[in-house]
Amino acid sequence: MDLIFAVRSSLAAILSLLIAMGMELDSPQWAPLTVWVVAQSSRGESLSKARWRIAGTVLGCGIGVALIAAFPQASALFFCCLAVWIGLCCGGATFLESYRAYGLVLTGFTSAIVATGAIAEPDHVFDIAMARGTYIILGVVCEALLAVLFMPTLQAQARKRLLDRLNGAFQAVRQVVSDLVSGRADAQTQGQVLTDLMAANARIEFDALEMGPGTHAADHAHAALAAMIMVLARARGMALLEQEHTVEQQSVPLPAALYADYDIAREHIEACAHPKRGDRFRFKMTSRRHALEAVENGVRACMGILAGWLVWEVTGWPSGAGFISFVALVYGLMATRENPILASTPFLKGALWCAFAAAIYALWVMPAVTAPEVLIVMLAGVMTIGGLAARKPATAGYAFSFNMFLPVLIGPGNQSRFSEEAFFNNAMAFLAAVTFVGWTYRLVLPFRVDSHMRRTARWGASRLKALAAPTSRVTVHQWLSESASSLVRILRNAQGVPDPIRLAYMQTQCRAMTMGMHIVFLRNVAKDPILPLNARRGIRVFLRKWAQTGPDATAWASVTAGWLERQALGAPPDTQDILQKTATSLHILAAEHSDTPSFVN
């Protein structure tokens, strides 16, 4: 599979380059760059990324033309507006997910590439924009064509991958639930399973694209994974009740709810395997929006573009326009990374290898190439090696920059080749831009995982209190999904955090997930007209205290639970069942609060 991906992507890149050169385009190297940007291991990923890349390119070209038209002879205003625009794109991408975020940052750096490319000849800005758009669409089409040829049984493979992923997640959850009930599972195990569930959740969109329109498999798959997360939260509460002997096992109705969630997950998996005609099921997914990080991301990119312009303004560097274009491009590529500091180091190392390989090709190999067949042979080997490196986790960060920028630095053309001076100026602008962006990520509002953990913990505590408000519309699935995605993001970036702090944080977050689920249940029960008025008032009193003090209100949980159990005596069966479940939720809240100390801010 890795070799197939490498060969497919290499052939698509070379094909796009040959077509661009055959069309006598002035900068054909941008077409293979697009191929490597779009190329992904699955067809669904490539489709998703390609469509957002095309949309971002069209909008970015329009913005680039507008900037040149608005400020043709006012460099300060031009770069200030360009910097603000790129900052808005990078910051706004933080609020989006998957390749939607990539589409927005692409809009920003495409604007920069078009606008800076037209600084020397503003009258030709429309031609430059059209050329950039042509390269990108050409690269997307070539990658799509080769992907279809290499993956002919698309729909069947996509459905099989989706079902294998869902069934594997289901079995993993069952095992963890068994360990939780028996007391063998800790926060580390729960965090790992949540990581696997969120990773599977992120892949659903791509499988659904490969399966084609007219199916609701993605909605059913999201619902199945949401039910599995709920199973984990219920099992944790049940395990705590059994450990603390808060209530007798015979009176705990949670196992029935647990099995009901299992059944829901199975039903949705079955709906993915055997879609029904006329199915209109919808499932809305939500995730946390990182407002502060969005601001930091936008400010960092904006200040970086302004600083790059000042460098060019002061030095008068002939390659200054190219330097700013590369700066904007690298900011766009790094803006959607969870931890840009970690990503920038392998990106720089890959850029150094790219410049070294490009020097060999540009100065010795390309001058000897006299036919397209020779060009194919010369480029196929190094591109295939880069494609293989992109499939290995240890080298993927290096290949990220190597594959994309190798054609740009080589600069193949029909009528000319890079001279030594032109190559070194271009390569220096590229390496300077990568280094510049890497240092700005370290010096200007740097991402720190410990700070992010404390900020997320405060957000979770505030959000947990707000769940009790009668006006809150947050559902159980929304709460669990937001909490799980935040926890998983921390786990992916917490390698340098000491184990005791990381485990305490994980325990606190897992506890908050379970508590929030039961608070939402209590909030809904308090509105149920089947309950007696005094019972609903008692639940509302507890929720009011929770909204004021948060988990400290669990001091009243056991008292309220005992009072509701007494209310259930002699009540109708339906009312008695709801009151018993409500009392159990209150007991779980008390058990969760006493189980683990909170994460220390």
Side-chain angles (χ1 to χ4, degrees), residues 37 48-49 52-53 55-64 66-67 70-71 77-116 202 286-310 324-344 347 433-434 436-449 451-456 458-459 462-463 482 485-486 489-490 492-493:
V37 169
S48 178
K49 197 170 189 179
W52 289 110
R53 181 169 180 80
T57 298
V58 172
L59 180 58
C61 288
I63 297 296
L67 286 172
F71 309 106
L77 288 175
F78 169 81
F79 279 104
C80 286
C81 290
L82 178 65
V84 170
W85 168 245
I86 292 176
L88 289 174
C89 290
C90 292
T94 310
F95 290 101
L96 301 177
E97 298 175 354
S98 188
Y99 295 127
R100 299 171 187 83
Y102 169 74
L104 185 55
V105 296
L106 177 71
T107 301
F109 68 68
T110 300
S111 304
I113 291 172
V114 170
T116 56
T286 61
S287 61
R288 181 191 169 195
R289 307 307 183 193
H290 305 270
L292 181 59
E293 289 183 27
V295 173
E296 292 178 349
N297 221 355
V299 169
R300 189 188 300 114
C302 179
M303 298 304 294
I305 296 296
L306 289 176
W309 166 62
L310 289 176
I324 295 176
S325 296
F326 282 126
V327 167
L329 181 54
V330 177
Y331 270 128
L333 295 172
M334 295 286 107
T336 55
R337 296 303 179 103
E338 290 183 348
N339 190 342
I341 295 177
L342 288 180
S344 63
F347 191 91
V434 175
F436 177 83
V437 172
W439 277 108
T440 57
Y441 274 117
R442 287 167 172 79
L443 298 176
V444 182
L445 303 174
F447 176 88
R448 293 184 54 185
V449 68
S451 175
H452 183 71
M453 290 171 69
R454 289 191 291 270
R455 192 162 60 243
T456 302
R458 291 193 296 269
W459 168 84
S462 174
R463 184 83 161 161
E482 290 178 0
S485 62
S486 292
R489 187 181 188 216
I490 292 295
R492 284 196 292 258
N493 295 282

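Of all non-hydrogen atoms in S111 and I63, the two that sit nearest each other are OG-CB, 3.4 Å. Looking at every heavy atom in both residues, W309 comes nearest to I324 through CA-CD1, 3.8 Å. A pairwise comparison of heavy atoms in G91 and N297 identifies CA-CB, 4.3 Å as the closest pair. Heavy-atom minimum distance, F436 versus G308: CZ-N, 4.0 Å. Contact record, R300 with T440: CD-O, 3.9 Å, taken as the closest heavy-atom pair. Here the closest non-hydrogen pair linking F79 and L306 is O-CD2, 3.8 Å.
Counting heavy atoms from C-beta outward, L67 and F78 have side chains that approach closer than 4.5 Å. Put simply, the side chain of F347 does not reach to within 4.5 Å of the side chain of V437, judged on heavy atoms.
Summarising the geometry, atom CE belonging to M334 is positioned 11.0 Å from atom CG belonging to L342; distances are rounded to the nearest 0.5 Å. L443 CG to M303 CE: the interatomic distance, rounded to the nearest 0.5 Å, is 12.5 Å. Within the model, atoms CD of E482 and CZ of R463 stand 4.5 Å from one another, a figure rounded to the nearest 0.5 Å. In this structure, CG in N339 is found 11.5 Å from CZ in R492, a value given to the nearest 0.5 Å. The structure places CZ of F109 at 7.5 Å from OG1 of T57, a figure rounded to the nearest 0.5 Å.
Here the options are T107, L104, L106, the test is side chain to side chain contact (heavy atoms under 4.5 Å, CB included), and the partner is L59; only T107 passes. Each of I86, V84, L88 was scored for a side chain to side chain contact (heavy atoms under 4.5 Å, CB included) with C302, with one residue passing: V84.
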Inset, instruction - Please report the C-alpha distance between Y441 and Y331 in whole Å, then the side-chain angles of each, then the deciding distance to 0.1 Å, and finally whether the side chain to side chain contact (heavy atoms under 4.5 Å, CB included) criterion is met. - result: CA-CA 9 Å; Y441 274 117; Y331 270 128; 3.7 Å; yes

Inset, instruction - Take W85 and C89 through the test side chain to side chain contact (heavy atoms under 4.5 Å, CB included) and record every step on the way to the result. - result: CA-CA 6 Å; W85 168 245; C89 290; 3.6 Å; yes

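One side chain, Y102 or R53, offers a donor N or O that lies under 3.5 Å from an acceptor on the other. With hydrogens and angles left out, the side-chain atoms of R442 and S344 include a donor and acceptor closer than 3.5 Å.
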